[in-house]
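Note that the numbering runs from 1 along the sequence shown for the chain.
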Amino acid sequence: MPNLVKLYNKIFNWKMKIYNHVFVWLVILLPLIAHAFPKANKFDLVERFLPVMLIVFLIVVGCMKGWFFSWWKRRKTKEPGFVGPPKMILIPLILLVGWSAFSFVTAKVSTFGFTEIYMLFAGALVFLYFSTTKLTAREKKEEHSISFLEKYLPFGLTLLLTFSLIGGIYGFLTTDHTRFFGLFYNPEIKADSWPNAYALFFLLTFPLTIYWAFVQKHFTNHATAFIKILFIGILLGGFLMTFSRAGMLAFIIEMVILGIFLMHRIKPISLIKLWHIFIISILIAATSYASVQVLQTVKSANGDITDISERITFQESQGGSSFTERKEFFTGSMSLIKEEPLTGFGPSSFKWIYPHVQEGFLSLSDHPHNLIFKYATERGLPAVIFFLVFLFTIFIKTNPFSRNSTTFQKFTWAALLGALAHCMVDHNLNFISNYLIFWLLLSALAASIISEKSTKTTKEYSFLSHLLTAIFALTLIIILACSSVRIVKDSWHYLWLSQSFGPTTNSGSRGDVENYTPLLPRWTLLRLDDGYAKNEPFLNKDGEIMMQYPQNRAIEKRQILLENHLKYNLYDAEAYSRFGQIAFNKNQLEDALTHYAKAIEVNPKNTFKYYAGYARTATKLNNAQAIEELRPNLERLIEEYMPLYDANLHYTQRDNEMEYINELRKLLEI
């Protein structure tokens, strides 16, 4: 019997070891898997939610099974099943996640941002798993055990960066885009490429790629060293081809930070070693330059290329606007923070709340191009404080300035700080691939704390810390499970409603519309409303407004749908505009004028559609005062818009704005 128990324990330990390795590598490679679903990878405006749920499902199930293995292995010892992170790290994380969820529940714009909170839960769960489960391995030439992430993450990120470079070269040379975008590209929508997202991806992965190439894997001979130098140079060349000015500035900051962190590790260097460093730097720079020239030359044979000098000096068509708009975003964000300083307007709400304080015409974005302003405007100032305190406590525990911190911790912090520097002038953590890497880097730092303290018992690792960690992890798992069920239910309900618009007019019921409170993104409302609008004949065969409406009650359903939607988003100008359209068609012109005025109030500087509706209604009402009040502002806006149209800024020539402008000029005699 004892032999059977011994054999069982041996088999169990072997299975656990295999599982831990497989799960760690699965999590590391999830960012690559996310690129297989371009519409899902950008999760703030995700159209295909199933891949997101699949990725989160793998994380949840993997964490649960890993925690069970950890508990089962240590069930007969005094050692806990997992070691909770220090309370000074855990409590700010709980507050950050809790306050972010609270801001979503209480938001003025809550039909957006669900996926952002969903991914925050997933990221926090990844952090908890690797900071609680003591997955350690003994590295060769190391006197102590290191965490699995410290051992495998550098090589894993090197693989991710390599695959992204290879795929990016193919995409860059086979599309008409003039900037390198790696795997951040949606082939279904040719205009969707995100070079700045790749720049952030590079900043997150490159320091640990250097760590793997030159620290974790030492030089064995000159040939190997030369290959590694060329490899690093080619990777750097791909990054330079993004022509991301913010990315390049952040990269310089990242390298300077890394140099400062490593100063304590550098011993007095002889002239020979200095010469070697100089040669290596020259080779990397030369390889990067050669890579850029080769890609530019090949690209120029089949299409346009970026003029490097114009890009650097802000002389290209969108160079000046890019700088000016960021200033406007920052200024506008401060105004929005004053309006809702505690809970913000809701995650992913910036695009909908910013227009009412917007300065320049078409100066709109999905985010304020600054991570701090984004959190402050959307989740409130407390969320910013909790986020910064969370980062600061990890920084204190793994102080990269200290002589006692490991080289891995120094490189990891360089990656994080370089990425955060980039996030001060842009925001690309709204991609699953970037977001997971960000949390993996934080998890690696937390795991290194656990591995260092694994043999020590301190007050930080108290029963309270373990209990809080367990409750927090269980809460995240339950919320993720319930949220997934809810989003699937809403998706099916929306699909059923949208497919119900057929040749018959009795599809759907009033109750179905009243109960439709979607967590899905905004286009579900627009598409569903379009379906009702198709079953909404206002005119008879003589072109006269019908006084008796059809039995399908499509108009009433539209109104109920729009009213319900506005309960969850008070800043959706399109919903107000559609209310105006319905009222206009029903000859309720005063109501139509009110709705169009509200649409203009919440979104005055991004389209002339609402002005055209307002002017059309005011003209039919013979409301001369309303028309005269509109005229001066419209003249100024049209004058501001025309240079944007001539330069095709933000692809304005693809829009229908000139049709609205021509209608306004005719109605108002501008």
> Which is it for Asp44 and Lys374 under the salt bridge (Lys or Arg N to Asp or Glu O under 4.0 Å) test, yes or no, and what are the steps along the way?
Replying inline: CA-CA 13 Å; Asp44 60 337; Lys374 174 179 168 60; over 6 Å; no
>> Under the criterion side-chain hydrogen bond (donor to acceptor under 3.5 Å, both in side chains), I'd like the reasoning laid out for Tyr354 against Ser349: C-alpha separation, chi angles, the key distance, then a yes or no.
In response: CA-CA 8 Å; Tyr354 178 69; Ser349 63; over 6 Å; no
> Can Leu120 and Tyr435 be said to form a side-chain contact (heavy atoms from CB on, under 4.5 Å), step by step?
Replying inline: CA-CA 9 Å; Leu120 174 63; Tyr435 196 69; 3.5 Å; yes
> Going through the distances and angles, do Glu574 and Tyr610 end up as a side-chain hydrogen bond (donor to acceptor under 3.5 Å, both in side chains)?
Replying inline: CA-CA 9 Å; Glu574 185 63 22; Tyr610 311 139; 3.2 Å; yes
> Which is it for Glu339 and Ile353 under the side-chain contact (heavy atoms from CB on, under 4.5 Å) test, yes or no, and what are the steps along the way?
Replying inline: CA-CA 11 Å; Glu339 292 184 36; Ile353 61 175; over 6 Å; no
>> I'd like to know whether Phe202 forms a side-chain contact (heavy atoms from CB on, under 4.5 Å) with Thr242, so could you lay out the CA-CA distance, the side-chain angles of the two residues, the decisive distance to 0.1 Å, and finally the verdict.
In response: CA-CA 10 Å; Phe202 179 87; Thr242 63; over 6 Å; no
>> Please evaluate residues Lys666 and Glu663 with respect to the criterion salt bridge (Lys or Arg N to Asp or Glu O under 4.0 Å), reporting the C-alpha separation (whole Å), side-chain torsions for both, the decisive distance (0.1 Å), and the verdict.
In response: CA-CA 5 Å; Lys666 183 178 180 181; Glu663 182 182 1; over 6 Å; no
>> Under the criterion side-chain contact (heavy atoms from CB on, under 4.5 Å), I'd like the reasoning laid out for Gln358 against Asn606: C-alpha separation, chi angles, the key distance, then a yes or no.
In response: CA-CA 9 Å; Gln358 185 175 335; Asn606 291 296; 2.8 Å; yes
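A pairwise comparison of heavy atoms in Ala107 and Gly346 identifies CB-CA, 3.3 Å as the closest pair. Here the closest heavy-atom approach between residue Asn196 and residue Ser244 is recorded as OD1-OG, 3.1 Å. The shortest non-hydrogen separation linking Leu95 to Phe386 is O-CD1, 3.5 Å. For the residue pair Leu336 and Phe345, the shortest heavy atom distance occurs at O-CE1, 3.5 Å. Taking each heavy atom of Thr617 and Leu589 in turn, the nearest pair found is CG2-O, 3.3 Å. Nearest heavy-atom pair across Phe350 and Ser333 is CE1-OG, 3.6 Å.
At distances below 3.5 Å, at least one donor-acceptor pair connects side-chain atoms of Thr594 with backbone N or O atoms of Glu590. With hydrogens and angles ignored, the 3.5 Å screen pairs a side-chain donor or acceptor of Tyr611 with a backbone N or O of Pro604. Side-chain atoms of Asn662 come within 3.5 Å of backbone atoms of Met658 as a donor-acceptor pair (strictly under, hydrogens ignored). Between the side chain of Trp194 and the backbone N or O of Tyr185 there is no donor-acceptor pair closer than 3.5 Å. No donor-acceptor pair under 3.5 Å is formed between the side chain of Asn370 and the backbone N or O of Val425. Remark: the backbone N or O of Ala626 is paired with a side-chain donor or acceptor of Asn623 at under 3.5 angstrom. No donor-acceptor pair under 3.5 Å is formed between the side chain of Ser577 and the backbone N or O of Ala573. Between the side chain of Glu328 and the main chain of Glu359, no donor-acceptor pair closer than 3.5 Å is present.
Comment: Arg636 does not engage Glu639 in a salt bridge, judged by the lack of any side-chain N to carboxylate O separation of less than 4.0 angstrom. Contact check on Lys42 versus Asp366 returns a salt bridge, with a Lys/Arg side-chain nitrogen under 4.0 Å from an Asp/Glu carboxylate oxygen. A salt bridge does not link Lys567 to Glu563: none of the charged side-chain nitrogens sits closer than 4.0 Å to a carboxylate oxygen. In this structure, Asp530 pairs ionically with Arg578, as a charged nitrogen and a carboxylate oxygen lie closer than 4.0 Å. Residues Lys609 and Glu657 are not paired through a salt bridge, judged by the lack of any N-O separation under 4.0 Å between the basic side chain and the carboxylate. A salt bridge is absent between Glu635 and Arg665: the closest approach of a Lys/Arg side-chain nitrogen to an acidic carboxylate oxygen does not fall below 4.0 angstrom.
Side-chain contact between Leu371 and Phe387 is present, with at least one heavy-atom pair separated by less than 4.5 Å. Taking the side chain as every heavy atom from C-beta outward, Glu601 and His356 never approach each other to under 4.5 Å. With a 4.5 Å cut-off on side-chain heavy atoms, Leu54 and Leu50 do not count as touching. Under the 4.5 Å side-chain criterion, counting only non-hydrogen atoms from C-beta, Leu664 is in contact with Leu634. Looking only at side-chain heavy atoms (C-beta outward), Leu342 and Leu381 stay at 4.5 Å or farther from each other. Looking at heavy atoms from C-beta onward, Phe431 lies out of side-chain contact with Leu436 at the 4.5 angstrom threshold. Using a 4.5 Å cut-off on side-chain heavy atoms (C-beta onward), Pro355 and Leu364 make contact. Side chains of Lys327 and His369 form no contact here, defined as non-hydrogen atoms less than 4.5 Å apart.
Atom CD1 of Ile627 and atom OG1 of Thr619 lie 4.0 Å apart (nearest 0.5 Å). Expressed to the nearest 0.5 Å, how far CZ of Phe43 lies from CZ of Phe114 amounts to 12.5 Å. In this structure, OH in Tyr641 is found 9.5 Å from CG in Asp646, a value given to the nearest 0.5 Å. The CZ atom of Arg245 lies 11.0 Å from the CG atom of Asp426; values are rounded to the nearest 0.5 Å. Distance CG/Leu249 to CE/Met424: 12.5 Å, rounded to 0.5 Å. Phe127 contributes atom CZ, which lies 12.0 Å from atom CG of Leu441 (distance to the nearest 0.5 angstrom).
Between His177 and Phe181, the ring planes are perpendicular. Angles over 60° get that label, and only those under 30° would be called parallel. Using bins of under 30°, 30° to 60° and over 60° for the plane-to-plane angle, the ring pair Phe390/Trp439 lands in the tilted bin. Under the 30°/60° scheme for interplanar angles, the aromatic rings of Phe201 and His35 are found to stand perpendicular. The aromatic rings of Phe184 and Tyr198 lie perpendicular to each other, with more than 60° between the two planes, well past the 30° mark.
More than 12 heavy atoms of other shown residues, nucleotides or ligands fall within 6.0 angstrom of atom CZ in Phe330.
Side-chain atoms of Asn428 and Asn434 form no donor-acceptor pair, as typed in the model, at a separation below 3.5 Å. Residues Glu116 and Asn430 have side chains that never bring a donor and an acceptor to within less than 3.5 angstrom of each other. In the model, Asn569 has no side-chain atom that pairs as donor or acceptor with a side-chain atom of Thr111 under 3.5 Å.
The side-chain tip of Arg326 does not point at the ring of Phe329 from less than 6.0 angstrom away and within 45° of straight on.
The ring pair (Phe, Tyr, Trp, His ring centres under 6.0 Å) test with Phe608 is passed by exactly one of Tyr614, Phe361, Tyr645: Phe361.
Residues Tyr596 and Phe579 place their aromatic rings such that the two centres sit no closer than 6.0 Å.
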